[in-house]
Amino acid sequence: MPRRIRRRPPLLFKLVALTASLSLSLLVAELLVRRVDGFGVWSLRLRQERAAIVLGGEDGGRHVERMPVPPGVSRGWYLAAPPPLARKETDSELQRLYDSLPSGMSAIDATKWWNRRFVQAEMANKQTPGGFFAKFPDEFYVFDPVEPSPHPRYRYPPGVTLPSGLVTNQWGFRGPPIDLNKPPRTVRIACVGASTTVDAHGHPFSYPEYLSHWLTLWAAANHPGVKFEVINAGREGIQSPDIAAIVRQEVVPLEPDIVLYYEGSNQFGFMNLLKLPPGGAEKPPEQRGLSGEAESHGALGAMEDYSALARRVGRVVGGWTPGAGEEPAKPDYTLRWPQGVDENNPDLGSPNLPTSLPRILADLDDMRASLKPIGAELMVASFIWMVRDGMVLDPARDKYLLEYMNQTWWPYRYRDMRRMADFQNRVFEKYAAAHGLAFLGVAGDFPFDPSLFNDAIHTTPGGTRLRAWTVFLRLVPLLEERLKSGQLPRPDRVALREHPGLPPARLVNMASYLGRPVKAVPPPELEMPLMQGRLAYKAEIAGYRDGVWTIRGNVVGRYHYLLKWRSERAKAPVRLVAQGVLRHGGLTLGLLSNGKWGLRGTVTTPGPFTLTIPVNSEGPFEVVVASDVPENDPLNDFEITRLSWVHDEPAGTTTRP
């Protein structure tokens, strides 16, 4: 029998098979890396759709056993996750806007609702036409603010799932729906802050969502019949003036019992205190880029917009890796501590406090004043910074933390960052003590564990859970005290039919803003409040203290004058703005011209109110606050927390689509 000769496959066939096998393997690897890193799996160009998956399952649980818990708290609750939010299909219009910009935060910005006055101020104050909004798509959403102010600069669209993964409720807050009027036997807490409060859009839960779930478990075990609701009023990139405006306009109408302030990074810079050496703060050549990603060149760099694998290889090949994870050499600058500021016992009234603290404390004052009429309590938490002198990080695991500390915050030394973070928290603690506020020292409780952080302030999903647990442990004793004393729970003061501080948005065309000159919006400090100085008449039931007008008592007539100012000529265009809370009765705010009523506005629905009266003529005018009560009920009870003339932009400088 002849011997069969086995023929070998031709070389070309082998090459084709090998190429096909490698291509398939690379395709599978690319899809897997896209999935892990949070990019859209099937899009040609990389588009970030959610946060990267944290491999290894680090949830911070190894630290929980070392944290003391108050009576009535079970450590087992730490692993209990909130119920997932109901996710709607992403709105096609928002998806279109999101797709119109490159991946990352800029794409998220395209889906937000922007304050019209902030848009105008940005475009007027930037040398580049359009400023921040120059990179925006042809269309975006704007709303007309209820106050003549650029704050808050934006809101999230309500009741949607954003392309970034964020789920909003009917008020545009991250999280589950919240009734306008607080249900009976419910304690309502609002968490305010920036990105460390709203947390990464792709994380399964934010820290307020964990807090709400664990407080519900605690109440069921210790205070049956009491319910807890936690509002997440945070949003990334904002500063204390925005947070104060969010509290005034958006949070107060929901009548929270407690507002918890946690923020400490968006106004943290202290370059003005550095005396730099000759040559300034120029970065060494090996530290490339300020975006948190190393620059790549050649074919690899060209592929990074389209391949997640190429991005990872580029970070390894072209990335910045400082030795064994030690702090790289920084410019030999001198930190000049502010004159007259006691580092250990700071004067809260000093204008020389660093890191924008005078502005932050003024906005905390604003929040306290806004919450006072509804009897709500402001609490302040210390802010967590993952930095200390001599810190050595893992160059692979902590790559983003290394880049954040040594690129984003260049040229600050670790020890100076730690010094300023501690001082900021010391000021927060002293401010709380000075005003009788609860202070939550969460920064001192949180373990020093870089594996829980994406950078020095933003936590991984596991780090967010542990941060929420730290807040929970600090909050429980305070709530226990208030529940036992009968301070909580408490009913709403007034029932509202609609939220007064969330005007609708409209889609506008960018050309309508760029095509005409826009005058800058004057800051709120330039407002002219109506105090007692030019007062011509004050009813007996009217009182004034610390910038607040209080009217409480029976009026002698249904439409009786309560306050009247002397005649003055307002320079138009200008707005008369009043804010406050009506408890009973009603009021009319208006202008008298030659003894006759002209422009006016009336409030008869109990609850927080904002009245804005635009004035386009020169006057002269007399400002009047009068009663507006039913014929058979002479009781009037309200407060006016803000009454000011506010300059508006001249007519014709803005296009209203």
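Positions are given from 1, in the same order as the sequence printed here. As the structure is a computational prediction, the values presented were derived from the model and not from experiment. Below, each value reflects all heavy atoms present in this structure, side chains not excepted, and no hydrogens, waters or symmetry copies.
For the pair Arg87 (side chain) and Gly165 (backbone), a donor-acceptor distance under 3.5 Å is present. With hydrogens and angles disregarded, a donor-acceptor distance shorter than 3.5 Å links the side chain of Ser370 to the backbone of Asp366. A donor-acceptor pair under 3.5 Å links the side-chain atoms of Thr168 to the main chain of Pro157, judged by distance alone. Between the side chain of Asn352 and the backbone N or O of Gln339 there is at least one donor-acceptor pair closer than 3.5 Å. Between the side chain of Asn232 and the backbone N or O of Thr197 there is at least one donor-acceptor pair closer than 3.5 Å. Panel note: side chain Ser382, backbone Ala443; a donor-acceptor pair is recorded below 3.5 Å.
With respect to the salt-bridge test (charged N to carboxylate O, under 4.0 angstrom), the residues Arg418 and Asp422 qualify. Ionic pairing of Arg62 and Asp449 is present here: one or more N-O contacts between side-chain nitrogen and carboxylate oxygen are shorter than 4.0 angstrom. Between Lys330 and Asp416 there is no salt bridge, since none of the side-chain N atoms of the basic residue sits less than 4.0 Å from a carboxylate O of the acidic one. Between Arg96 and Asp99 there is no salt bridge, since no side-chain N of the basic residue sits under 4.0 Å from a carboxylate O of the acidic one.
Side-chain contact between Ile231 and Trp171 is absent, with no heavy atoms from C-beta onward closer than 4.5 Å. Contact annotation: the side chain of Val442 never approaches that of Arg467 to less than 4.5 Å [non-hydrogen atoms, C-beta and beyond]. Between Gln424 and Val427, the closest side-chain pair of non-hydrogen atoms is not below 4.5 Å. The closest side-chain heavy-atom distance from Ser265 to Thr196 is not below 4.5 Å. A 4.5 Å side-chain heavy-atom check between Leu364 and Leu378 finds at least one atom pair inside the cut-off. Counting only heavy atoms from C-beta outward, the side chains of Val198 and Leu166 approach each other to under 4.5 Å. Here the side chains of Tyr261 and Val247 are not in contact, with every heavy-atom distance at 4.5 Å or above. Between Met405 and Leu393 the shortest side-chain heavy-atom distance does not fall below 4.5 Å.
Considering Leu357, Thr355, Asn344 as possible partners of Phe423, the one that fulfils the side chain to side chain contact (heavy atoms under 4.5 Å, CB included) test is Leu357. For the pairing with Trp385, the ring-ring contact (aromatic ring centres under 6.0 Å, His included) check across Trp409, Tyr412, Tyr414 returns one residue only, Trp409. Just one of Val387, Asp398, Asp455 meets the side chain to side chain contact (heavy atoms under 4.5 Å, CB included) condition when paired with Pro450; it is Asp398. Phe446 pairs in a ring-ring contact (aromatic ring centres under 6.0 Å, His included) with only one of the listed residues (Tyr207, Phe453, Trp469), which is Phe453.
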- prompt: Passes side chain to side chain contact (heavy atoms under 4.5 Å, CB included), Tyr210 versus Val471? Steps please.
  reply: CA-CA 10 Å; Tyr210 283 114; Val471 174; over 6 Å; no
field: Stepwise side chain to side chain contact (heavy atoms under 4.5 Å, CB included) test for Tyr141 and Leu94
entry: CA-CA 10 Å; Tyr141 282 95; Leu94 293 176; 4.3 Å; yes
message: Pair Ser164, Thr111 - check side chain to side chain contact (heavy atoms under 4.5 Å, CB included), show working.
response: CA-CA 9 Å; Ser164 59; Thr111 65; 5.8 Å; no
- request: Could you give me the CA-CA distance, side-chain angles and deciding distance for Tyr431 and Asp365, then say whether side-chain hydrogen bond (donor to acceptor under 3.5 Å, both in side chains) is met?
  value: CA-CA 10 Å; Tyr431 178 88; Asp365 286 341; 2.6 Å; yes
task: Step by step, work out the side chain to side chain contact (heavy atoms under 4.5 Å, CB included) result for Phe448 and Met386.
output: CA-CA 7 Å; Phe448 191 90; Met386 183 48 55; 3.4 Å; yes
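With 3.5 Å as the limit, one finds no donor-acceptor pair spanning the side chains of Tyr156 and Asn169. Between the side chains of Ser206 and Glu209, at least one donor N or O lies within less than 3.5 Å of an accepting N or O.
Across all non-hydrogen atoms, the minimal contact from Ala233 to Val192 is CB-CG1, 4.0 Å. When all heavy atoms of Arg117 and Ser149 are compared, the pair lying nearest together is CD-N, 3.3 Å. Taking every heavy atom of both residues into account, Tyr78 and Gly61 meet most closely at CE2-CA, 3.7 Å. Closest non-hydrogen pair, Ala200 versus Arg174, comes out as O-NH1, 2.9 Å. In terms of heavy atoms, Tyr154 sits closest to Glu236 at OH-O, 2.6 Å. Asn266 approaches Gly237 most closely through the heavy-atom pair ND2-C, 3.6 Å.
Between Arg415 atom CZ and Leu335 atom CG the span is 9.0 Å, to the nearest 0.5 Å. Note that CG of Leu162 and CD1 of Ile108 are 8.5 Å apart. Values are rounded to the nearest 0.5 Å. Rounding to the nearest 0.5 Å places CZ of Arg153 at 5.5 Å from CD of Gln239. Here His203 contributes atom NE2 and Thr460 contributes atom OG1; the two are 6.5 Å apart, rounded to the nearest 0.5 Å. Of the inter-residue distances, the one linking Ser356 atom OG with Leu361 atom CG reads 10.5 Å to the nearest 0.5 angstrom. Summarising the geometry, atom CD belonging to Glu326 is positioned 11.0 Å from atom CG belonging to Leu402; distances are rounded to the nearest 0.5 Å.
Ring geometry for Trp114 versus Phe118: interplanar angle under 30°, hence parallel rather than tilted (30 to 60°). Using the six-membered ring where Trp is involved, Phe270 and Phe268 have ring planes that are perpendicular, over 60° apart on the 30 and 60° scheme.
More than 12 heavy atoms of other residues, nucleotides or ligands lie within 6.0 Å of CG in Asn272, so this atom counts as buried by the packing criterion.
The side-chain tip of Arg413 points at the ring of Tyr333 from less than 6.0 angstrom away and within 45° of straight on.
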